[in-house]
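Small disclaimer: the values here were computed from a predicted structure and weren't measured. All residue numbers refer to positions in the sequence shown, counting from 1.
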Amino acid sequence: MNNVLYDIELPLSKTCAQMENDGIYIDEILLDKLEQEYEIQIENCLERLATFTKFNYNSSQQLSEYLFETCGLPTKGIKKSINGYSTDVDNLEKLQKNIMNQIIFDEPRQFITILLEYRKLKKIHTTYLLGIKKHIINGKIHPIINQVLTETGRVSIIDPNIQNMPIKSESGKVIRSLFYSGEYKYIVTMDYSQVELRVIAHLANENQMIEDFNNGLDIHKETAKRIFNLKEVSKSQRSKAKAINFGIIYGMSKYGLAKQVGISQNDAEEFINLYFETYPNIKKYMKNQVMYAQKNEYVQTETGRRRQINGINSKNKMTFENAARIAINTPVQGTAADIIKIAMIEIQEYLLDKKDVKMVMQIHDELVFYMNDLKYIKPLKNIMEEVVNYAVKLSVDTSSGKNWLECI
């Protein structure tokens, strides 16, 4: 893997060092204001919860006892652990839905509603607001970028983990508003559009998908049209096609698809079969990847980055299926990771003699910049879109604003 080391990782280390050193501006005045607002809202939730009963609301065991023993709520479909029935968010929402119209459970339903609000507020306050605040130095955070922690080759970021922050939820909006342009005029985001789908179309040489991407068509609509044999598709049909498109990359089973889309397993199986009839080369690619992994016990990306696949020759069905999913997904996700890494190296070269533009963040398939002049968007976009010469054209979406929230 010499080319991965010398052409990607070592040159990228200089880029990452520069980004770590430069840091990211945080609006401390807004952060303090939000911290106080959330503390008031959290206290309000605690007061409302106390009108029902008083105990440690952060104790899953005490909460389980209150809901399922004291209140006698139904336990059907609720996961059970050693400390009682699970009270994680998924189970609480399921429980809330199950008792929605049952008058006898009106009080515990109200309790659960307030508790979910409390947990959401607490997470934003503790994990994100305080989590960011403790890392601020002179108005900036300097997250640590790790190039070689993930097995697919994607970079990971800690202290704080800005890659793990929610994007479109209410909490995501709160957090993104804290990231602002500082001494620069704009914060600019440049995001690879559906890069992993484009990569799998290239790797599988799936001509129809390649043609759709290169013609600038909505791939999810086109997939839905072909699967359902329609000229026009509904929003629901597009959503199902989108779930299949992305699910295939991650080796989603009929059970997983059925759960995500809200359909029966039989319907999910039919959709998957129709998908493979529509895109036969993707099915062939997936089969070939598993066979390659079984023979070599590793798979690799387009640049030659390798990942060892443990359990690919196991006789245990679950072990084999998990290994097969990794064998299929790694070249796709890993190639996408290599693409953005190479783009970062070329961009840093381009920015060497530029004082009024700076690359400051990498969030999965998105790069974030500070700029004084938006004229830099076009050349940077060109670098990102032309960084590799694949059968599928890469596409980058851009946006700008005074803070990261305005870039959604």
Would you say Tyr57 and Phe111 make side-chain contact, with heavy atoms under 4.5 Å? yes
Is it true that atom NZ of Lys14 has more than 12 heavy atoms of other residues, nucleotides or ligands lying nearer than 6.0 Å? no
NZ of Lys381: more than 12 outside heavy atoms within 6.0 angstrom? yes
Ile78 to Tyr85 - nearest heavy-atom pair and separation: O-CD2, 3.7 Å
Under a plain distance cut-off of 3.5 Å, with no hydrogens placed, do Asp22 and Gln18 share a side-chain donor-acceptor pair? yes
Is atom CG of Asn229 surrounded by more than 12 heavy atoms (other residues, nucleotides or ligands) closer than 6.0 Å? no
If you define the side chain from C-beta out and look only at heavy atoms, does anything of Asn322 sit under 4.5 Å from Arg325? yes
Can a donor-acceptor pair be found, under 3.5 Å and without considering hydrogens, that links the side chain of Glu20 to the backbone of Ile145? yes
Would a 4.5 Å heavy-atom cut-off, applied to side chains only, mark Lys185 and Leu374 as touching? no
Report yes if the side chains of Tyr128 and Val174 come closer than 4.5 Å at any heavy-atom pair, otherwise no. no
Using a distance-only test with no angle check, is there a side-chain donor-acceptor pair under 3.5 angstrom linking Thr113 and Gln96? yes
Do we see a donor-acceptor contact under 3.5 Å between the side chains of Asn316 and Thr319? yes
Could you check Ile42 against Tyr118 for side-chain contact (heavy atoms from CB on, under 4.5 Å), going step by step and ending with a plain yes or no? CA-CA 6 Å; Ile42 289 167; Tyr118 164 75; 3.7 Å; yes
Option from Asp338, Thr152, Thr330 for which side chain to side chain donor-acceptor pair (under 3.5 Å) with Thr301 holds: Asp338
Salt-bridge test for Glu277 and Lys283: reply yes if a basic N is under 4.0 Å from a carboxylate O, no otherwise. no
Only one of Val155, Asp7, Thr303 forms a side chain to side chain contact (heavy atoms under 4.5 Å, CB included) with Lys341, so which one is it? Val155
Value for CD (Gln62) from NZ (Lys54), rounded to nearest 0.5 Å, stands at 14.5 Å
Mind listing the closest non-hydrogen atom pair of Pro331 and Ile326 along with its distance? CD-O, 4.4 Å
CA sep, side-chain torsions, deciding dist, call: Leu149, Ile158, side-chain contact (heavy atoms from CB on, under 4.5 Å): CA-CA 11 Å; Leu149 185 66; Ile158 58 169; 5.9 Å; no
Quick one: CG on Leu31 to CD on Glu35, what's the gap to the nearest 0.5 Å? 6.0 Å
Student check: side-chain heavy atoms of Ile347 and Phe369 closer than 4.5 Å: yes
Charged tip of Lys402 within 45° of Tyr186 ring normal and under 6.0 Å: yes
Of all the heavy-atom pairs spanning Ile383 and Ala343, show the shortest one and how long it is. CG2-O, 4.3 Å
Examine the side chains of Thr87 and Ser64 and answer whether a donor and an acceptor come within less than 3.5 Å of each other. no
If I take atom CZ from residue Arg176 and atom CD1 from residue Ile187, how far apart are they, to the nearest 0.5 angstrom? 8.5 Å
Can you list the steps and then say if Phe55 with Tyr66 is a ring-ring contact (aromatic ring centres under 6.0 Å, His included)? CA-CA 9 Å; Phe55 61 86; Tyr66 170 70; 5.6 Å; yes
Whether the Ser234 and Ser236 side chains hold a donor-acceptor pair (N or O, under 3.5 Å, no angle test) is what I'd like checked. no
Pair Phe213, Lys393 - check side-chain contact (heavy atoms from CB on, under 4.5 Å), show working. CA-CA 7 Å; Phe213 271 127; Lys393 294 177 185 175; over 6 Å; no
For a ring-ring contact (aromatic ring centres under 6.0 Å, His included) check, start with the C-alpha distance between Tyr38 and His125, then their side-chain angles and the critical distance, and finish with the verdict. CA-CA 6 Å; Tyr38 274 80; His125 179 262; 7.4 Å; no
Stepwise side-chain contact (heavy atoms from CB on, under 4.5 Å) test for Ile141 and Ile162: CA-CA 10 Å; Ile141 55 172; Ile162 57 174; 4.1 Å; yes
Any salt bridge between Arg154 and Asp365, counting N to O under 4.0 Å? yes
Could you verify whether a donor N or O on one side chain and an acceptor N or O on the other, from Asp32 and Gln36, lie under 3.5 Å apart? no
Atom CG of Asn161 and atom NE2 of His135: how far apart are they, to the nearest 0.5 Å? 10.0 Å
Distance in Å, Lys94 NZ paired with Ser86 OG, rounded so as to fall on 0.5 Å steps: 9.0 Å
Glu269 backbone acceptor or donor facing Asn273 side chain under 3.5 Å: yes
Is there side-chain contact between Leu367 and Gln362, with heavy atoms separated by less than 4.5 Å? yes
Heavy-atom distance under 4.5 Å between the side chains of Phe68 and Leu95, does that happen here? yes
Can you tell me if Glu206 uses its side chain to pair, donor with acceptor, with the backbone of Asn281 under 3.5 Å? yes
Any side-chain donor paired with an acceptor under 3.5 Å for Tyr25 and Asn403? no
Which of these, Lys225, Arg238, Gln194, sits in a side chain to side chain donor-acceptor pair (under 3.5 Å) with His220? Gln194
For the salt bridge (charged side-chain N to carboxylate O under 4.0 Å, His left out) test, which of Arg198, Arg226, Lys221 pairs with Asp212? Arg226
Residue pair Ile24 / Phe179: nearest heavy atoms and the distance that separates them: CG2-CD2, 3.5 Å
Is any side-chain heavy atom of Glu222 closer than 4.5 Å to a side-chain heavy atom of Asp218? no
Nearest heavy-atom contact between Val148 and Asn146 is N-OD1, 3.0 Å
Would you name the heavy atoms of Lys76 and Asn98 that are closest together and state the gap between them? O-ND2, 4.0 Å
Testing the 3.5 Å rule here: is there a donor-acceptor pair between the side chains of Asn205 and Tyr285? no
Look at the side chain of Asn214 and the backbone N and O of Val392, then say whether any donor-acceptor pair between them is shorter than 3.5 Å. no
Enter the distance from Ile200:CD1 to Thr335:OG1 here, rounded to the nearest 0.5 Å. 10.5 Å
Is the distance between the ring centroids of Phe271 and Phe228 under 6.0 Å? yes
